[in-house]
Amino acid sequence: MTPFGEAVRKLRLRKGVSQKQMAAALNVTPAYLSALEHGKRGLPSFDLLQRIAGYFNIIWDEAEELFLLARFSDPRVVVDTSGLAPEYTAFVNHLAGKIRNLDAATIRELSRVLENAGKTG
């Protein structure tokens with residue numbers, strides 16, 4: 001499941017509707033909505049994101065957070081290292097090969113490092 005899929009699922013459960021009901025209201029198939037929730041589909045269109053926010057009648061700040069989650073939830077990521085030093089390409093490929101073996105604490109630590117990257121002290 002992706003962060004976006006998890007957020008949509010929580011909103012849907014909070015509203016007390018099934019995937020089938022929500023899919024019908026959004027004019028998408030239940031299979032598509034299920035795949036979106038389970039991280040088997042990539043980034044939804046901006047139009048669909050707006051319809052989801054409207055369906056849940058969420059405030060702008062919450063909608064903006066949902067849109068950001070969608071941006072960071074594509075399960076198939078491509079990293080372009082062209083023009084960078086060879087160690088960058090090696091690092092990204094090494095990460096791709098090991099990502100499934102990292103525990104939650106390691107992911108949190110790597111995320112912290114990335115958040116602080118480029119910040120000046």
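In this chain, numbering begins with 1 at the start of the sequence shown.
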If you define the side chain from C-beta out and look only at heavy atoms, does anything of [X] sit under 4.5 Å from [Y]?
| X | Y | result |
| --- | --- | --- |
| Leu36 | Val28 | no |
| Leu95 | Val79 | no |
| Leu84 | Thr89 | no |
| Leu102 | Ile99 | yes |

Exam field: side chain [X] to backbone [Y], donor-acceptor pair closer than 3.5 Å:
| X | Y | value |
| --- | --- | --- |
| His94 | Ala90 | no |
| Ser111 | Ile107 | yes |
| Arg51 | Leu26 | yes |
| Lys10 | Gly5 | no |
| Arg12 | Val17 | yes |
| Ser34 | Pro30 | no |
| Gln21 | Ser18 | yes |

Below 4.0 angstrom, N of the basic side chain to O of the carboxylate: do Glu109 and Arg112 qualify?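 So Glu109 pairs with Arg112 through a salt bridge.
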Using a strict cut-off of less than 4.0 Å between a Lys/Arg side-chain nitrogen and an Asp/Glu carboxylate oxygen, indicate whether Arg14 and Glu62 qualify as a salt bridge.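 Salt bridge flag = yes for Glu62 with Arg14.
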Are [X] and [Y] joined in one hydrophobic group, where the rule is that I, L, V, M, F, W and Y side chains link up if heavy atoms are under 4.5 Å apart?
| X | Y | result |
| --- | --- | --- |
| Tyr55 | Leu48 | yes |
| Phe46 | Leu11 | yes |
| Val77 | Phe91 | yes |
| Leu43 | Ile52 | no |
| Leu69 | Met1 | no |

Can you establish whether the number of heavy atoms outside [X] located under 6.0 Å from its atom [atom1] is more than 12?
| X | atom1 | value |
| --- | --- | --- |
| Glu65 | CD | no |
| Asp103 | CG | yes |
| Lys15 | NZ | yes |
| Glu87 | CD | yes |

Full working for side-chain contact (heavy atoms from CB on, under 4.5 Å) between Phe56 and Met22: CA-CA 10 Å; Phe56 291 115; Met22 182 177 166; 3.6 Å; yes
Test ring pair (Phe, Tyr, Trp, His ring centres under 6.0 Å) on Phe72 and Phe4 and set out the steps. CA-CA 8 Å; Phe72 288 109; Phe4 175 74; over 10 Å; no
Ser73 to Thr2 - nearest heavy-atom pair and separation: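 For Ser73 and Thr2, the tightest heavy-atom pair comes out as O-CG2, 3.1 Å.
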Any idea which heavy atoms bring Leu49 and Pro44 closest together, and the distance?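 The answer is CD2-CG, 3.6 Å.
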In sequence, state the C-alpha distance, the side-chain angles, and the governing distance for Ser82 and Asp80, and then conclude on side chain to side chain donor-acceptor pair (under 3.5 Å). CA-CA 6 Å; Ser82 59; Asp80 181 3; 2.6 Å; yes
Please round to the nearest 0.5 Å and tell me the distance separating atom NE2 of His38 and atom CG of Leu33.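 Rounded to the nearest 0.5 Å, the NE2-CG separation comes to 10.0 Å.
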